[in-house]
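Excluded from the calculations below are hydrogen atoms, water molecules and symmetry mates; all remaining heavy atoms, backbone and side chain alike, are included.
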Amino acid sequence: MTEQASDRSTLPLKLLPAYLGTNSIAEALRTVQGQRVLWLEILLNDRLDLAPWQSEPAMQQAYQTACRWYTQYRRLLTSLFDRAPLPSDSGPIDFRDYRTFAEAVYFAYAHR
């Protein structure tokens with residue numbers, strides 16, 4: 001799949017355009033800042049086609065982080081958003097990211 005075609009398959013993005021001015025997952029994966037925010041996009045946007053990037057280590061890390069936060073905050077997320085569940089992963093989460101998580105949830109809820 002070409003990069004342009006795979007970028008279209010991930011639309012609409014919810015957080016990346018507002019947070020980074022990035023319009024694709026491929027763009028987000030190219031920057032450190034994009035890689036730091038990608039897990040939030042995965043967590044709050046269940047319409048993404050992540051298959052083109054599943055072998056990318058940064059994508060695997062972002063997906064795992066999203067799954068862990070989803071497992072920890074499943075009730076909150078399912079009450080606010082009608083999204084497909086992520087796989088359960090009871091591994092540790094970094095609570096230093098809580099403020100970023102809370103702000104992203106607030107933003108996504110306000111712009112749904």
Side-chain angles (χ1 to χ4, degrees):
M1 184 182 288
T2 68
E3 183 177 317
Q4 187 176 27
S6 64
D7 287 348
R8 273 188 250 125
S9 70
T10 63
L11 294 177
L13 296 173
K14 293 182 179 185
L15 299 175
L16 294 177
Y19 278 44
L20 305 173
T22 300
N23 292 314
S24 72
I25 290 175
E27 288 178 52
L29 285 170
R30 284 188 219 120
T31 67
V32 173
Q33 188 177 17
Q35 291 174 20
R36 274 189 255 144
V37 177
L38 186 56
W39 70 274
L40 291 164
E41 184 72 46
I42 295 167
L43 180 66
L44 300 173
N45 189 349
D46 67 345
R47 295 192 290 172
L48 298 174
D49 176 11
L50 303 176
W53 302 281
Q54 66 186 358
S55 63
E56 294 278 336
M59 176 57 77
Q60 293 169 355
Q61 180 64 40
Y63 188 78
Q64 180 183 50
T65 301
C67 290
R68 289 178 176 185
W69 280 85
Y70 182 82
T71 300
Q72 187 76 27
Y73 292 99
R74 177 181 295 124
R75 287 188 181 154
L76 170 69
L77 294 168
T78 56
S79 71
L80 295 175
F81 305 102
D82 182 27
R83 67 151 291 129
L86 286 168
S88 182
D89 184 335
S90 58
I93 60 174
D94 188 346
F95 284 101
R96 294 175 293 183
D97 290 329
Y98 182 80
R99 182 176 179 180
T100 305
F101 163 76
E103 289 173 355
V105 168
Y106 180 80
F107 178 85
Y109 184 75
H111 293 92
R112 58 187 180 123

Distance from [X] atom [atom1] to [Y] atom [atom2], nearest 0.5 Å?
X      : Y     : atom1 : atom2 : answer
His111 : Leu44 : NE2   : CG    : 13.0 Å
Glu103 : Tyr19 : CD    : OH    : 6.0 Å
Leu43  : Arg68 : CG    : CZ    : 13.5 Å

So do [Y] and [X] actually touch side chain to side chain, heavy atoms under 4.5 Å?
X     : Y     : result
Ile25 : Met59 : yes
Asp89 : Trp69 : no
Thr31 : Glu27 : no
Tyr73 : Ile93 : yes
Leu13 : Leu48 : yes

To check you understand the geometry: which heavy-atom pair defines the closest contact between [X] and [Y], and what is its length?
X     : Y     : value
Gln35 : Leu29 : NE2-O, 2.7 Å
Arg96 : Asp94 : NH2-OD2, 2.7 Å
Ala84 : Asp46 : N-OD2, 2.6 Å
Ala28 : Thr22 : N-CG2, 3.5 Å
Thr71 : Ser88 : OG1-CA, 3.4 Å
Ala66 : Leu86 : O-CD1, 3.7 Å

Same cluster or not: are [X] and [Y] linked, directly or through other Ile, Leu, Val, Met, Phe, Trp or Tyr residues, by side-chain heavy atoms under 4.5 angstrom apart?
X     : Y      : value
Tyr98 : Leu40  : yes
Ile42 : Leu76  : yes
Val32 : Leu38  : no
Phe81 : Tyr106 : no

Exercise for the section: Verify, without hydrogens or angle tests, whether Gln60 (side chain) and Gln54 (backbone) share a donor-acceptor contact under 3.5 angstrom. Expected result: yes

Problem - Step-by-step side-chain contact (heavy atoms from CB on, under 4.5 Å) determination, Trp39 to Asp97 - result: CA-CA 11 Å; Trp39 70 274; Asp97 290 329; 4.1 Å; yes

